[in-house]
Amino acid sequence: MPELPEVEVIAQGLREYALGETIEQVEIRWAGAIDRPDPATFADQLVGRTVTDVGRRGKFLVLAVPPAHLLIHLRMSGRLLYCEAADEAARQHPHVRALLRFVSGRWLVFRDMRKFGRLYLVDNPQAVTGRLGVEPLSEAFTVEVLARVLQRRRQIKPLLLDQRMIAGLGNIYADESLWEAGIHPARPASTLSEEQAAALCDAVRRVLRRAIAHKGTTLRDYRSLRDEEGAYQLALSVYDREGQPCARCGATIERIVVGGRGTRYCPTCQRLDNAQPPSQPG
DNA sequence: CACAGCTCCTGGCAGC
DNA sequence: TGCTGCCAGGAGCTGT
């Protein structure tokens, strides 16, 4: 599942390859992939536009195609591939939902097995991203800002997954951040100590930066713009590791359901009460 | 405001 | 072997 680090790696790839490309043709193979405007208008309006900037907001890719913006959300299984004119196989894959052909002859291919991903063409990106919370890798993500989020009477993990609070965390990096900070995922947010809030703030930033450095996590579907796998799956502490020993204390990683989501954690390092974990995270 | 439940969708898997 | 049916999961939505 592409989360902030995976989307950031794709954005880096788009900056390297797609910047300056002009769209010559738009092909939509599954109309449901286009959120807005209607698919015909979407295709019409994109032709002739040049990609002048590539950004990311939360899990959204934001491509400036003046005077509009093309936003892409990959959701569960979406993939974005930049391929050569000769690469017909990439375009013929049955899960391809939409394609952009550039004047250069190269293609941007949107592939999505589960059909949850969406493309948006809007004048103002805020129309789509306006309700997103703070960017966790920006300077705006301070302990004070996190503390305000933590005042809510909710369990900490569903709060971390709420894009209106913090933009970009998904199931993998929420679990990883909570392990890193030594906090139980079902812990009521408002009961965290100041030290724990500070540890969580650090943990979120550290985990996301490390994952970007590893080019993201490939458990199943995720690939970079050039179809490369990430490497962070090799460095995961709890996610996809249930039944295996905790790297910090050796206890067995468990799976529970929190807020309806499968959740992996270490029952020794991440206690629901305030007891000290066996060692401080680092 | 919190939160449960539903929807979208399909490959993968368990169970028979 | 082959079938059925359940499940995960991001996010938006409704209802309580």
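Note on naming: letters A, B, ... go to the chains in the order of the sequence lines (proteins, then strands), and numbering restarts at 1 for each one. Just so we're clear, the structure is a prediction, and the values are computed from it rather than from any experiment. The figures that follow rest on heavy atoms only: side chains count, while hydrogens, waters and symmetry mates do not.
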Item to complete: Kindly assign one of parallel, tilted or perpendicular to the pair A/Tyr232 and A/His214, based on the angle between their ring planes and the thresholds 30° and 60°.
Response: perpendicular

Within residues 148-169 of chain A, the residues having a heavy atom closer than 4.0 Å to DNA chain B are A/Arg152, A/Arg153, A/Arg154

Closest heavy-atom pair, A/Glu3 versus A/Asn171, reported as atoms and distance to 0.1 Å, is OE2-N, 3.3 Å

Side-chain donor-acceptor pair present, A/Asp38, A/Thr41, cut-off under 3.5 Å | yes

Walking DNA chain B from its 5' end, the first of A/Arg220 and A/Gly259 to be reached, judged by nearest nucleotide, is A/Gly259

Outermost contacting nts on DNA chain B, any atom under 4.0 Å from chain A heavy atoms, listed 5' then 3', are B/dA2 to B/dG12

Within residues 68-80 of chain A, the residues having a heavy atom closer than 4.0 Å to DNA chain C are A/His73, A/Arg75, A/Met76

OP1 or OP2 of C/dA8 less than 4.0 angstrom from a side-chain nitrogen or oxygen of A/Arg255, does that happen here? yes

Item to complete: Might you confirm whether atom CZ of A/Arg164 has over 12 heavy atoms from other residues, nucleotides or ligands at distances under 6.0 Å?
Response: no

Between A/Gly260 and A/Trp30, whichever has its closest DNA chain B nucleotide further toward 5' is A/Gly260

DNA chain C nearest-nucleotide lookup for A/Arg114 and A/Val128: closer to the 5′ end is A/Arg114

Side-chain donor-acceptor contact under 3.5 Å, A/Tyr222 with A/Ser77:
no

Audit row: A/Val47, A/Glu24, side chain to side chain contact (heavy atoms under 4.5 Å, CB included) steps and yes/no: CA-CA 5 Å; A/Val47 172; A/Glu24 189 173 65; over 6 Å; no

Distance below 4.0 Å between A/Tyr239 side-chain N/O and C/dG9 OP1 or OP2: yes

Sorted by chain and number, sequence neighbours left out, salt bridge (charged side-chain N to carboxylate O under 4.0 Å, His left out) with A/Arg154 holds for A/Asp162

Taken to the nearest whole Å, CG/A/Asn171 to P/C/dC7 is 17 Å

Can A/Phe116 be classed as stacking with the base of C/dG10, given a centroid separation cut-off of 5.5 Å and a plane angle cut-off of 30°? yes

* Verify the distance criterion only: is there a donor paired with an acceptor across the side chains of A/Glu180 and A/Ser237 at less than 3.5 Å? => no

Identify each donor-acceptor pair in which a side-chain atom of residues 54-75 of chain A lies under 3.5 Å from a protein atom, sequence neighbours left out, and give them as a table.
unit_1: A/Arg56; atom_1: NE; unit_2: A/Glu8; atom_2: OE1; d: 2.7
unit_1: A/Arg56; atom_1: NH1; unit_2: A/Gly58; atom_2: O; d: 3.0
unit_1: A/Arg56; atom_1: NH1; unit_2: A/Glu135; atom_2: OE1; d: 3.0
unit_1: A/Arg56; atom_1: NH2; unit_2: A/Glu135; atom_2: OE1; d: 3.1
unit_1: A/Arg57; atom_1: NH1; unit_2: A/Gly133; atom_2: O; d: 3.1
unit_1: A/Arg57; atom_1: NH1; unit_2: A/Glu135; atom_2: OE2; d: 3.0
unit_1: A/Arg57; atom_1: NH2; unit_2: A/Leu132; atom_2: O; d: 3.3
unit_1: A/Arg57; atom_1: NH2; unit_2: A/Gly133; atom_2: O; d: 2.9
unit_1: A/Lys59; atom_1: NZ; unit_2: A/Leu169; atom_2: O; d: 3.2
unit_1: A/His73; atom_1: ND1; unit_2: A/Arg75; atom_2: N; d: 3.0

When only distance counts, do a donor and an acceptor, one from the side chain of A/Arg261 and one from the base of C/dA8, lie under 3.5 Å apart? no

Smallest heavy-atom separation, A/Arg118 atom then A/Phe110 atom, equals N-CZ, 4.3 Å

Rounded to whole Å, the CD1-P distance (A/Ile172 to C/dA8) equals 15 Å

Please list every donor-acceptor pair under 3.5 Å in which a side-chain atom of residues 258-265 of chain A meets a protein atom from a residue at least two apart or in another chain.
unit_1: A/Thr263; atom_1: OG1; unit_2: A/Lys157; atom_2: NZ; d: 2.9
unit_1: A/Thr263; atom_1: OG1; unit_2: A/Arg261; atom_2: O; d: 2.9

